[in-house]
Amino acid sequence: MDNRPIGIFDSGLGGLTCVREVMRIMPGEDIIYFGDTGRVPYGTRSSATIVKYVRQDINFLRSFDIKFIIIACGTASSAALPHITTEYDTDIIGVVDPASKRAVNATKNGRIGVLGTSGTIKSGKYKKTIGNLNPEIEVISNACPMFVPVVENGYSDTEIARILAEEYLEVMVKNRVDTIILGCTHYPLLKNTIRSIVGSGVTLIDSGAAAAEEAFRIIKKDGLLNARKDGGHAKYYVSDTVHGFEELGSLFLSKKIVGDVAKIDIEKY
Ligand code: DGL
């Protein structure tokens, strides 16, 4: 038993797709969430900058007495996690390994699509991880740089999102992938739009949810589950104004988080 909270972070709202799943499968856990809304997006930045941001995000979460960290950001998991894993004595996981495993198990025709930010796709991390799991699988990747601003500004279910999705998904449809990894944790917020284009025959892998499941497996195996069976609390921190995050976050989590969000100065960490 370990009643300390789990730390989860992302560049913004996207990591809430992981929080939602942690709340569902580990309802007794307390959560400290950090959304780096003052510096979103991460996906268009250099690897050195992402590593710097990720160290600060982890330092902030570690200023609480936490037991486990989930990097609920595809970009940070791809570009920074390999550089920082040995720097901390806290258990840290990202989204790439869990999502890749899920996709490899799901595909029937051996053609997996990966959607992610420019940083994630450029890193080649998904392609490499899937290749290590099964070298016969063909991986078709595409960067979707406009998706994160669309989500962060509340335009997920609009015509703008649809026009962008049609363009980004064309290569997936053409290559007849039967499984698509939503390799950026913001993208499940666009699931309805993406589903309407690729159809019901394609399996969509939610990378934040896959990471939550992997965290559950490790935390349970290590005997670190919270003794509480229900009623975990979540506290949210952001690096810019709390307002947009409170509103969109409440909508996405289907629960009111107004009053539970505080602004911090991430540059201090
Ligand atoms: N949710 C992040 C990811 O999974 C957002 C990327 C960004 O900030 O560009 O990649």
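Atoms within each ligand, like the ligands themselves, are counted from 1 in listed order. Everything numeric here is computed off the predicted structure, so don't read it as measured data.
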Ligand-protein N/O pairs under 3.5 Å (ligand 1):
| unit_1 | atom_1 | unit_2 | atom_2 | d |
| --- | --- | --- | --- | --- |
| ligand 1 | 1 (N) | Asp10 | OD1 | 2.8 |
| ligand 1 | 1 (N) | Asp10 | OD2 | 3.4 |
| ligand 1 | 1 (N) | Thr185 | OG1 | 2.8 |
| ligand 1 | 1 (N) | His186 | ND1 | 2.7 |
| ligand 1 | 4 (O) | Gly74 | N | 2.5 |
| ligand 1 | 4 (O) | Thr185 | N | 2.8 |
| ligand 1 | 4 (O) | Thr185 | OG1 | 3.3 |
| ligand 1 | 8 (O) | Ser11 | OG | 2.5 |
| ligand 1 | 8 (O) | Tyr42 | N | 2.7 |
| ligand 1 | 9 (O) | Tyr42 | N | 3.2 |
| ligand 1 | 9 (O) | Gly43 | N | 2.7 |
| ligand 1 | 10 (O) | Gly74 | N | 3.3 |
| ligand 1 | 10 (O) | Thr75 | N | 3.0 |
| ligand 1 | 10 (O) | Thr75 | OG1 | 2.6 |

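With sequence neighbours left out, the side chain to side chain contact (heavy atoms under 4.5 Å, CB included) criterion links Ala161 to Val150, Thr158, Leu190, Thr193.
Stacking of Arg62 on the aromatic ring of Tyr88 is not recorded, the 6.0 Å distance cut-off and the 45° axial limit not both being met.
Residue Tyr237 is tested with Phe245, Phe60, Tyr269 for a ring pair (Phe, Tyr, Trp, His ring centres under 6.0 Å); the sole match is Phe60.
Looking at Arg162 and Ser196, their side chains do bring a donor and an acceptor atom within 3.5 Å of each other.
Salt bridge absent: Glu246 and Lys256 never bring a charged side-chain N and a carboxylate O closer than 4.0 Å.
In this structure, Thr120 contributes its side chain and Thr75 its backbone to a donor-acceptor pair below 3.5 Å.
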